[in-house]
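Just so we're on the same page: letters track the sequence lines, and every chain starts at 1.
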Amino acid sequence: MKLTNAEISDILRKISFLLELEMDNDDNKTNLNFKNRAYIRAADQIDNLPLSIESLYRERGINGLLQIPSIGKAISSKIEEYIKTGKIEYYEILKSKYPIKIDDFLSLEGIGPKTLRVIIDRLPVRNLSDLERAAKEGKLNEITGISKKKEEKILKRIELHNIGKKRHLLGDIYPLVKQIEEYLKNMESASMVTAVGSFRRMKETIGDIDFLVVSDNPDSIINSFVNMPEVKEILSKGGTKAFINFNNGLDSDLLVVPKESYGAALQYFTGSKEHGIALRRLAQSKELRLNEWGLFDIKSDQKISGESEEHLYNALGLEWIPPEMRENKGEIEMARKGSKEWQEKMKRLLKYGDIKGDLQVHSNNTDGKMSIEEMAYFAMTNFDLDYIAITDHTKSLRIARGLDEQQLLDQAHKIQEFNDSIKNGTFFVDLNESNEEKPLGRKTSRNDKERRRSERNLRDFRILSSAEVNILSDGSLDIPNNILDKLDIVGAAIHTNFSQPIEVQTSRLIKAAQNPSVDIIFHPTGRIINKREGHPVDIPKLMTIAKETNTILEIDSHYNRLDLRDEYIRTAVQNDVKLVIDSDAHHPFHYAFLEFGIGQARRGWAKRDDILNTLPVKELLEKLK
DNA sequence: GCCGTTTTCGGCCCGACTGTTTTCAGTCG
C-alpha cells in the first residue's frame, strides 16, 4: 500500500490539534504553543511537496526528510516510524487521552481546541453529531462561557460543515468572481476593486474568494457586500472586513482599505500564507513591521510604504514578485533588489497574451461542438490566435467517434483547402445560430497593452493538420507512422487503461515519446482535478526521455485538467524540457482556457522560450522532430 | 519542535472580529 503525503500531513495536524487541546493543563504554555505550530508548519510543507514523501524516504532515508524545511529531528523520526510501522507511538498516546473523533472537529470552523476542551470536559461529546445534539438540547449553554448566542453559532457552523466544503476549480468560480467584481465596481464609493487570494495567484483550485476594495466609505461597501442576494450567511462583519457564505456554499472575504494602504493590503490578501509570513519575517529582521496597512518602522512607528505593491517590495529590499510565484519556494531569496538573475527571469517570464497558436483543438468531426471552419474563425477573430492545430481523436477511441486513417487524410486535405482559401481571401464561414452565452474568461490579455490584431494579417492564419492519437496499453499508437507523417504535427495521449502500475504507465509514455512521429504528449498525467488522480507517471524519467527525444510535453489548459500541474512545469523548466500550452477546445469559447494554462505556466516559472507555441507557426514547425 | 550572514539558545507573523472579557482570549486568514 502506497502512503500518500496527505495521510502524513493529516496525522501531523491531528498531533498539533491534540497538543492544543492539552495546553491549558500545561505549565509551559508558551512553549507548547510553538510546538503545535511546528507540527502545522511541517504538515503545510508536506502538502506542498511535489514528490511522494515515502519515495523520498525510501531513496534517501531520514536525511532526505531532513532536507524538507520545517522538518527536523523529532518530526522526521516520527514520519520514519509511520512509514515503517503504520503508527506513531506519540500520536497514539495523545489520542488515548482524548477519545474523540478528531476529524470531525478538525474540519469544523469556528470552534477551536480551547472551546472544544471545555465542552468535552463537561459533556459526553465525542463527535460532531454528539455536539449537534448537545447544542440542540441547550446543554452547551449550561457551560459557563458558552452563551445562547454562541450555541446558536455552533449549530450554524455544523450546518455549513455538513454541506461539505471542498476547493473549487478556478474555471468554475471564474464567472461568479467576475460578477461580484462588477457589482462592487459599480458602487459609487469604491475606487478600486480587485479579486485577490489564490484567485489572483491563478491557483488551480480556490478555497474561498477574496475581494479587496479601496474606499473612503468602508461601511457602505461592507453593507452592500453582505446584503447581496447571493449571500446566505454573514459569518462576521466589522469596520474593515466582512466574511460571508454564498448560497452555492462558497465562502468569501472582503477587505476595505484607504488608498494609502492599497499596496500593502494587496500583498497581504493575495498571499500565499507562506509567502506573507516569509515577508513579515524579512521585515522583522530589518526592524520593520509589515501588515495589511503598510510597512512600518518598529521604533518610530513611521509608515515607510503601503500605497503600491511594487514600492512595498522595494522597501523590503526586493524586486516586485508576480502573484503566481508567491509560494515561498525560493522566489523571495531570488528577488533581492538589483539581482541580475531575477531581472533576467522577469524579462523572459511568460506573459498573458504571449501564446500565438493553440495546438489542441477539436472539431465536430469527432467530439467537438463546431466545424473546423468555425473553430478557425473564432480563433482568428475573437482570440487573436495565428494558428490552430485540429487534433481530433483517432479510431480506437470509439466513444469520441475517433477518425481512421482515411478520415485523417481526408481531413488533412480539407484543411489544406481551407488554408488556401484563407490565403487568397475567399475563406467564408457560415455561422449557424451562434450561441447566446458569453465566452468564459478574458478574451484578451490582461496585462499587455494593445493586442496585435491591428498589425496582424488574417490571411497569414494557418490551420495545422494534426490528431490526438491514442496511446494503446503497450505504448504503441492506433494509427501507423506513415499516415501520421502526412500531418503537420502530432499529439499523443493516454485515454484508456489508467490503473496500471507506475512502471507500465511510464514505459507506455516513454515508448510514445520515442516514436519519431509523435511531437507532443498531451495531458501527460491524465488527471481530472477533484475527480481522478490520473495515471501514475514517473515524471523525472519522462522528462529525461522527452529532452533526449525532443518531444514536447503539453500543459492542457482546461481548468479541470491543468496537466501538467505547476510543480511539474517547474521541473520541466529546470530541465529544459520544451512545453506547449493548449486549450483542449471542444467549442470556440474554450480558447479562453488558455489563460488558465498560462497562469499555471507562470506558477511553474516558465519563460517564453520554454513554451514553443509562443513562436510564429513557421519557427514552431522547424523546432519539431 | 524548528532554526541560525550578528544566534546551538531564545526566539518564533500580524491584526480583525467575536463574545461577555470590564482589558482579553479564541479563532481565523
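- The only option from A:Ile75, A:Thr4, A:Ile53 that meets the side chain to side chain contact (heavy atoms under 4.5 Å, CB included) definition with A:Ile46 turns out to be A:Ile53.
- Taking the side chain to side chain contact (heavy atoms under 4.5 Å, CB included) definition, one finds that A:Lys340 meets it with A:Gln343, sequence neighbours left out.
- Partner of A:Glu181 under the side chain to side chain contact (heavy atoms under 4.5 Å, CB included) criterion, chosen from A:Val213, A:Val193, A:Asn186, A:Leu176: A:Val193.
- Ionic pairing of A:Lys136 and A:Glu132 is present here: one or more N-O contacts between side-chain nitrogen and carboxylate oxygen are shorter than 4.0 angstrom.
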Please output the side-chain donor-acceptor pairs of residues 257-272 of chain A that fall under 3.5 Å, not counting sequence neighbours, one pair per line with the distance.
residue	atom	partner	partner atom	Å
A:Lys259	NZ	A:Glu307	OE2	3.0
A:Ser261	OG	A:Trp293	O	2.9
A:Tyr262	OH	A:Thr194	OG1	2.9
A:Thr270	OG1	A:Arg200	NH1	2.8
A:Thr270	OG1	A:Leu266	O	2.6
A:Ser272	OG	A:His275	N	3.2
A:Ser272	OG	A:Arg326	O	3.0

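- A:Gly276 comes within contact range of no nucleotide atom at all, as no heavy-atom separation falls under 4.0 Å.
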request  = Please assess A:Asp47 against A:Asn5 for the test side-chain contact (heavy atoms from CB on, under 4.5 Å), listing each intermediate value before the final yes or no.
outcome  = CA-CA 6 Å; A:Asp47 282 336; A:Asn5 289 6; 5.5 Å; no
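- Because its NZ or CZ atom is not both nearer than 6.0 Å to the ring centre of A:Phe243 and within 45° of the ring axis, A:Lys237 does not count as a cation-pi partner of that residue.
- The interatomic distance linking A:Phe34 (CZ) with B:dG1 (P) rounds to 15 Å, in whole Å.
- As judged by a 4.0 angstrom heavy-atom cut-off over every strand, A:Asp210 is placed among residues making no nucleic acid contact.
- The stretch residues 38-46 of chain A comes close to DNA chain B through A:Ala38, A:Tyr39, A:Arg41, each having a heavy atom under 4.0 Å from the strand.
- Taking only side-chain nitrogens and oxygens, A:Arg37 comes nearer than 4.0 Å to OP1 or OP2 of B:dC13.
- A:Ile555 places none of its side-chain heavy atoms less than 4.5 Å from the side chain of A:Tyr568.
- Note on ring orientation: taking the six-membered ring where Trp is involved, the planes of A:Phe211 and A:Phe225 are perpendicular (angle over 60°, cut-offs 30° and 60°).
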task = Do nucleotides 14-19 of chain B as a string where each nucleotide becomes B, S or -: B if the base has a protein heavy atom under 4.0 Å, S if just the sugar-phosphate does, - if no protein is that close.
result = SSSSSS
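- Nucleic acid contact for A:Leu279: none, since no nucleic acid atom lies under 4.0 Å from a heavy atom of the residue.
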May I have the list of side-chain donor-acceptor pairs in residues 247-256 of chain A shorter than 3.5 Å, sequence neighbours left out?
residue	atom	partner	partner atom	Å
A:Asn247	ND2	A:Pro229	O	3.4
A:Asn247	ND2	A:Glu230	O	3.3
A:Asn248	OD1	A:Leu250	N	3.0
A:Asp251	OD1	A:Asn245	ND2	2.5
A:Asp251	OD2	A:Lys165	NZ	2.8
A:Ser252	OG	A:Ile209	O	2.9

task = For A:Phe105 and A:Phe17, run ring-ring contact (aromatic ring centres under 6.0 Å, His included): C-alpha distance rounded to whole Å, both residues' side-chain angles, the deciding distance at 0.1 Å, then the answer.
result = CA-CA 9 Å; A:Phe105 300 113; A:Phe17 190 79; 7.4 Å; no
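- Contacts between residues 73-88 of chain A and DNA chain B, counted as heavy-atom distances below 4.0 Å, involve A:Lys73, A:Ala74, A:Ile75, A:Lys78.
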